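Notes follow once the structure below has been shown.
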Amino acid sequence: MTGAHPLRSKRRRSALRTAAFLSPWLIGFAVFFLYPLLSTLYFSFTRYDGFRQPAFNGLDNWSYVFTDYPLFWPAMRNTLWLVLVMVTCRVAFGLGIGLLITKIKTGTGVFRTLFYLPYLAPPVAATLAFVFLLNPGTGPVNTLLDAVGLPTPGWFTDADWSKPALTALALWGVGDLMVIFMAALLDVPKEQYEAAELDGAGAWARFRHITLPNISPIIMFAVVTGVIQAMQYYAQPLVAGKVAAGVIGGSGQQFEPGYPDKSTLTLPQLVYNLGFQRFDYGTACVVALVLFALSMAFTALLMRRRGGLIGAGE
């Protein structure tokens, strides 16, 4: 019994010391994540415009978003499309460029710089440049397509082509993934490739059984971060829609996001439009919580399936 009290005191001191080391993270987690999340959840059940006191209205905001708000489901479909298509294309394209540059014998630094530079361009400036390049009437891309007898899409003025145009913009700025994949590819042991070549393995077999298992954690990292970025996709579709619609003035002009025909509308745009333009914070919080739930669901699903990528390469 005499030794139990000193043992408890030692454990208490150890727990306090651990809590002291963790306190910066705990404070940051509580202030910047837990409190905003709980506040968003609370405001989603209230009628709140930022000026008057919140008034509890039960599930009215949730019912309005899912059943009566005409922009929610188009924004949901567009966001899911960007997650599934744009993220997949970026990861595949970044991996392909990384593989290509690692195989080049001369001029590697030049090609690496050329592919990385577009990533450094500010998103708004890059979007403006792409809108003018893909202008269906005067853009050089359609001029070249017409010169060789190919169809000339409407790009950002056509609802069927606006999301592929945004995907092309995302592929143009794939330099961040290229650098990450290059580092991973250069870290794969060369002895494994040499042994596979001695066994008569071809290029696809070496990629499937050696390259893919070794870089699978990096692919998973790229996919998860890509999904999170796609869930936060705001500036590029908004700027592209405004410029394509001819709305290039200042804040005095009213613009409903999603041009053309709601094809560039995303959930983050709804959060901003509802909360900071229409001052309907309760409904905006509902959309924000849906966005958070989707991000968590995609991330959890990918983390649960992370072993499948390695198993596919074995």
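From a predicted model like this one, the values you see are computed outputs, not experimental measurements. Just so it is clear, the values below take in all heavy atoms, side chains as well, and ignore hydrogens, waters and symmetry mates.
Nearest heavy atoms, Thr283 versus Val65: CG2-CG2, 3.3 Å. Among all heavy-atom pairs drawn from Thr108 and Ile104, the shortest one is OG1-O, 3.3 Å. Across Val131 and Ala244, no two heavy atoms sit closer than the pair CG1-N, 4.3 Å. Across every non-hydrogen atom of Asn78 and Thr264, the tightest pair is ND2-N, 4.1 Å. Gly98 and Leu185 get closest at one heavy-atom pair: C-CD1, 3.6 Å. In terms of heavy-atom proximity, Met178 sits nearest to Arg112 at CE-O, 3.6 Å.
Between Ile27 and Phe32, the closest side-chain pair of non-hydrogen atoms is not below 4.5 Å. Pro260 has its side chain out of reach of Asp158: every pair of non-hydrogen atoms, C-beta onward, lies at least 4.5 Å apart. Counting only heavy atoms from C-beta outward, the side chains of Met231 and Leu267 never approach each other to under 4.5 Å. Put simply, the side chain of Thr40 does not reach to within 4.5 Å of the side chain of Phe292, judged on heavy atoms. Looking only at side-chain heavy atoms (C-beta outward), Phe45 and Cys285 stay at 4.5 Å or farther from each other. In this structure the side chain of Phe156 never reaches within 4.5 angstrom of the side chain of Tyr259, judged on heavy atoms. Side-chain contact between Met76 and Val290: present, with at least one pair of heavy atoms (C-beta onward) separated by less than 4.5 Å. Taking 4.5 Å as the limit, some side-chain heavy atom of Met303 sits within range of a side-chain heavy atom of Val224.
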**Prompt:** Would Asp176 and Arg90 satisfy salt bridge (charged side-chain N to carboxylate O under 4.0 Å, His left out), going step by step from the backbone distance to the final call?
**Reply:** CA-CA 10 Å; Asp176 57 332; Arg90 285 194 87 242; 2.9 Å; yes

**Asked** side-chain contact (heavy atoms from CB on, under 4.5 Å) between Tyr64 and Leu59: does it pass, once the steps are laid out?
**Response** CA-CA 9 Å; Tyr64 171 70; Leu59 296 174; over 6 Å; no

**Chi angles and distances behind the side-chain contact (heavy atoms from CB on, under 4.5 Å) call for Leu95, Leu177** = CA-CA 7 Å; Leu95 178 57; Leu177 292 184; over 6 Å; no

**Request:** Could you walk me through whether Leu80 and Phe298 pass side-chain contact (heavy atoms from CB on, under 4.5 Å), step by step?
**Result:** CA-CA 10 Å; Leu80 294 177; Phe298 271 111; 3.8 Å; yes

**Working for side-chain contact (heavy atoms from CB on, under 4.5 Å), residues Trp155 and Phe130** = CA-CA 10 Å; Trp155 300 113; Phe130 251 69; over 6 Å; no

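Atom-to-atom distance recorded for Thr79:OG1 and Tyr233:OH is 11.5 Å, nearest 0.5 angstrom. Atom CH2 of Trp161 is separated from atom OG1 of Thr152 by 10.0 Å, given to the nearest 0.5 angstrom. Here the CD1-CG distance, from Ile101 to Leu186, works out to 10.5 Å after rounding to the nearest 0.5 Å. Within the model, atoms CD of Gln229 and CE of Met86 stand 8.0 Å from one another, a figure rounded to the nearest 0.5 Å. In this structure, Asp199 CG and Arg206 CZ are separated by 11.5 Å, a value rounded to the nearest 0.5 Å. Rounded to the nearest 0.5 Å, atoms CG (Asn61) and CG (Leu274) are 10.0 Å apart.
Across Phe93, Tyr119, Phe115, a single residue satisfies side chain to side chain contact (heavy atoms under 4.5 Å, CB included) together with Val174, and that is Phe93. Considering Ile210, Leu212, Thr211 in turn, Ile210 is the only one that fulfils the side chain to side chain contact (heavy atoms under 4.5 Å, CB included) rule with Asn214.
Note on Leu114: it does not cluster hydrophobically with Leu100, by side-chain heavy-atom contacts below 4.5 Å among ILVMFWY residues. Linking Ile, Leu, Val, Met, Phe, Trp and Tyr whenever their side-chain heavy atoms come within less than 4.5 Å puts Met296 and Val87 in one cluster. The cluster map of Ile, Leu, Val, Met, Phe, Trp and Tyr, joined by side-chain heavy atoms under 4.5 Å apart, puts Phe56 and Leu41 in the same cluster. Both Leu34 and Leu26 are part of a single hydrophobic cluster, where members link through side-chain heavy atoms under 4.5 Å apart. When hydrophobic clusters are built by joining Ile, Leu, Val, Met, Phe, Trp and Tyr residues whose side-chain heavy atoms come closer than 4.5 Å, directly or via intermediates, Leu198 is not grouped with Trp204.
Geometric assessment of Lys103 against the ring of Tyr193 yields a positive cation-pi assignment under the 6.0 Å and 45° thresholds.
Under a cut-off of 6.0 angstrom, the local environment of CZ in Phe207 is crowded, with over 12 non-hydrogen atoms contributed by other residues, nucleotides or ligands. Under a cut-off of 6.0 angstrom, the local environment of CZ in Phe66 is crowded, with over 12 non-hydrogen atoms contributed by other residues, nucleotides or ligands.
Judged by distance alone, with hydrogens and angles left aside, the side-chain atoms of Ser216 form a donor-acceptor pair with the main-chain N or O of Pro213 at under 3.5 Å. The backbone N or O of Gly275 sits nowhere less than 3.5 Å from a side-chain atom of Asp280 that would complete a donor-acceptor pair. Looking at Asn135, its side chain does come within 3.5 Å of a backbone N or O of Thr138 through a donor-acceptor pair. Between the side chain of Thr157 and the main chain of Gly154, a donor-acceptor pair closer than 3.5 Å is present. Counting only distance, with no hydrogens or angles, the side chain of Asp49 and the backbone of Phe51 share a donor-acceptor pair below 3.5 Å. Between the side chain of Ser63 and the main chain of Asp60, no donor-acceptor pair closer than 3.5 Å is present.
In this structure, a donor-acceptor pair under 3.5 Å is absent between the side chains of Asp146 and Asn142. Side-chain contact, Gln269 with Asn273: no donor N or O sits under 3.5 Å from an acceptor N or O.
Applying the side-chain contact (heavy atoms from CB on, under 4.5 Å) criterion to Arg17, with sequence neighbours excluded, gives Ser14, Phe21. By the side chain to side chain donor-acceptor pair (under 3.5 Å) test, Thr106 is found to be paired with no residue, residues two or more places apart in sequence or in another chain being considered. Residues passing the side-chain contact (heavy atoms from CB on, under 4.5 Å) test with Ala30, sequence neighbours excluded: none.
The aromatic ring centres of Phe43 and Tyr48 sit less than 6.0 Å apart.
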